[in-house]
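Report on the structure given below.
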Amino acid sequence: MSARSSPWLTWLSPLLLAWVLGNAVQLQQAQLGSGLDYFWPLLGCSLLALGVHMAWRHPAFVQTQRPHLTYLGLASAVLSVAALAHASVGWRALHYQQGQLPAQLQGIDIEVTGSVLSLPQRMADGWRFRFQVTQAVRVDNGAKVDIPSTLQLAWYADDKAELQDVPAIRAAQIWRLHLRLKQPHGLVNPGGFDVELWLWEQGIHATAYVRTTARNAPPVLLGYAKEGDVAVWRQMARDGIQQSVRDKRWASVVSALLVGDQAGLDSADWDVFRATGVAHLMSISGLHITLWAWVARWLILRLWRYSDVGGRSWCLTLPAPYAAQVGGLLLAWVYAVFSGWGIPSQRTIAMLATVCVLQLQAVRWPLHTQWLLAMVAVLLIDPWALMQAGFWLSFVAVGMLFMGQPTHAPPAAANPVLAHTQWQKLKGLGRYTVSLCKEQWMISVCLAPLCIILFQQVSLVGLFANLFAIPWVTWVVTPLAFGGLLWSPLWQASAWAAQMLHAVLEPLSQLSWAVWHSAAPPWWVAAAGLVGAGMWAWRWHGLFRSAGLLLLLPSLFWPASRPPTQTVELLAADVGQGNAVLVRTAQHSLLFDAGPRYGSESDAGERVWLPLLQRMDERLDMLLLSHQDADHTGGALAVHANQPQAQILSSITAEHWLGNTLAMTRCAAGQSWQWDGVQFDIIHPLASDYDKRLSPNARSCVLRVHAQGQTVLLTADIEAFQEQALLERMGDDLRADVLLVPHHGSKTSSTQAFLDAVQPRIAWVQAGYRNRYGHPAPVVMQRYADKGIPVWDSPRCGAMHWRSDAPTQVVCERDVQRRYWRHRVP
Ligand SMILES: [Zn+2]
């Protein structure tokens, strides 16, 4: 039976596509409906399909009318499938939502008993791990409480204690701990990573940290759970690697490849892998497991063919291709489980299993149907995968390969003539290399628009780097890492192999043209780029392919949008507890503070600002660091390293380490400049204030920006005394339309007199969700409310946008990207 003669196979592709679309539409919902809201469209579509089907079978319809009815039938079937996908994802989401942490259990001490679920990640300042809860009671009244069963937990060393005082956390340990829980809340910035979706996808409805104050009972290790076998093996493997490999840096690479533990990888090494486009090899991604399945399949095929032991070949029991397909899939599954069974691994196994089942069938399915079926299989496991970059990268890469494949040519390796003589063997190898290069070239070109859309950068050296990095990691580094499980010295060999790869990649990453950056294109340019890539990959007429290339190019060269002349634009990013505001004019930009540090390993500079600045293709003219406190300067070094041309203006003096590290000019009242018709003035501190012994807060640089009759006041952390001084000095000149609430809404600031003088129309607070300082203080917010001044805050708003040419409008990023899995602060 051929593919084309089977009518249901022709129908299958539109139906599969309908499933994907129905799923995609559900993911756009800002809010979940009720269970019935999903049921009615499904019922309606199904009744329509049933009606058409009955009409088609009715003898009253003559033969000539049937074709019309067939199309109507297909349309109603497509609608029904889409409605079914929509409803099934909706119902699943409703079920997930029931597992949420009740808001009243946030911020109180809860005694929890449970076990360490996964391989714990060691951070410089503590541990991070998943925790499976078996019992939870309130510490204050001993009442049992219902909390989510899986928690994302952090155990930090106290301010006073050293990390050594925190016990070593190991997989499967059972602990009794005092915890403080929080609903999952992430930073929401344009194009930023969606932490809330990531936790939702994994069924994690609360994050928590371990309380170790004097008032809390000390943590108790109760024993080891029996069911944590895989995690225990992974733990043993990671310990073994740490012991066998001398250099911890390369031990981390081997651990990343074998047990999927990327947390130990050096951030500088990540930069090298990213710039050379091979980062996908270091995380257990779709490609990684697929390649491992191929290696396993190839080995099993060889083993089966030469299994003529004792006159009885295994091939007689089970044909070699079958054994190779099934064995390859099984070994890929083992690898996926051993590497932590993360969401990307689960997706890949679903995809591989689908392809494996199809290939074992006698029916030869059209490639696009296989592709769509694999996609639906993945979406059945994880409907939210459609929102993930990794999903699209792997499916587009595989899809492009399918399109480029000649439909019925036999694979080169299966051609028996090729292996005749040594010369021909060599020729075969040459042909294989050429086809490998062609495939790599095609994937690189086709993924380019996708990479620009998702990451605003494409690795240009990635084409060459992947040509040897993929085989090297697949055939040398990873097998040696696996070999280490049997004979531990092989781990050292694997580490050397990783080190050699790095030695080749590093100079490539240093090349000035290694990475192509571009601003994020609007959706219609992005869509045209993807269609163009598809047309280019299609094996068709040259003219058609050139047209594809023309469609593709704009997405790679799209210029960033900028505010018009005379206009000023604010982007107050969601950085958590700290200040950071990007001020842009037609040709210039200034970053007012760089946001906080998030711990010893990351800060707002590298996590929020570098991706944002890259997305906007922005070159900073000035970095203004209002004062030395870490919630304002935590990201400064990362921003400076990436934007060394930016001049630094600050109140930080040379006594502070940052003042010694970076070259900076003192800010002082009286400094002013104009950019593209927009006036900038520093109004605090006075030059003479530097001679006084003032607190860092009191010396905060205060910036006033004036454009199109609108005034913006960025106050950093000034307190009541400085507010009073400004008032006395400036009087009515202090009036402003937009105010960054001083000191994150602390009780120390926003005095009545100051608010009366400024009279802002719009105010906003940059503070972290449930931060430990209680910012913004309710009494201060009441003061704003009494005066009728609306206040926006970052936990509710996410990143905030404002422009002087639409002065009444405040755009919250959480409203722009409102989705049902997003946390809503009451
Ligand atoms: Zn502050």
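Just so you know, ligand 1 is whichever comes first in the structure, and atom 1 is the first atom listed for that ligand. The figures here come from the full heavy-atom set of this structure, side chains too, leaving out hydrogens, waters and symmetry mates. These numbers come from a predicted model, not from an experiment.
With no hydrogens or angles considered, a side-chain donor-acceptor pair links K787 and Q752 at under 3.5 Å. In summary, the side chains of H627 and N697 do present a donor paired with an acceptor at a separation below 3.5 Å, with no hydrogens or angles considered. A donor-acceptor pair shorter than 3.5 Å cannot be found between the side chains of Q152 and Q202.
Residues satisfying the salt bridge (Lys or Arg N to Asp or Glu O under 4.0 Å) test with R584, not counting sequence neighbours, are E569, E618.
Nearest heavy atom pair, residue F592 against residue C701, reads CZ-O, 3.7 Å.
Annotation: cation-pi pair R130/W198 present, NZ/CZ under 6.0 Å from the ring centroid and within 45° of its normal.
Within the protein, the N, O or S atoms lying under 2.8 Å from the Zn ion (ligand 1) are D631 OD2, H632 NE2, D717 OD2, H744 NE2.
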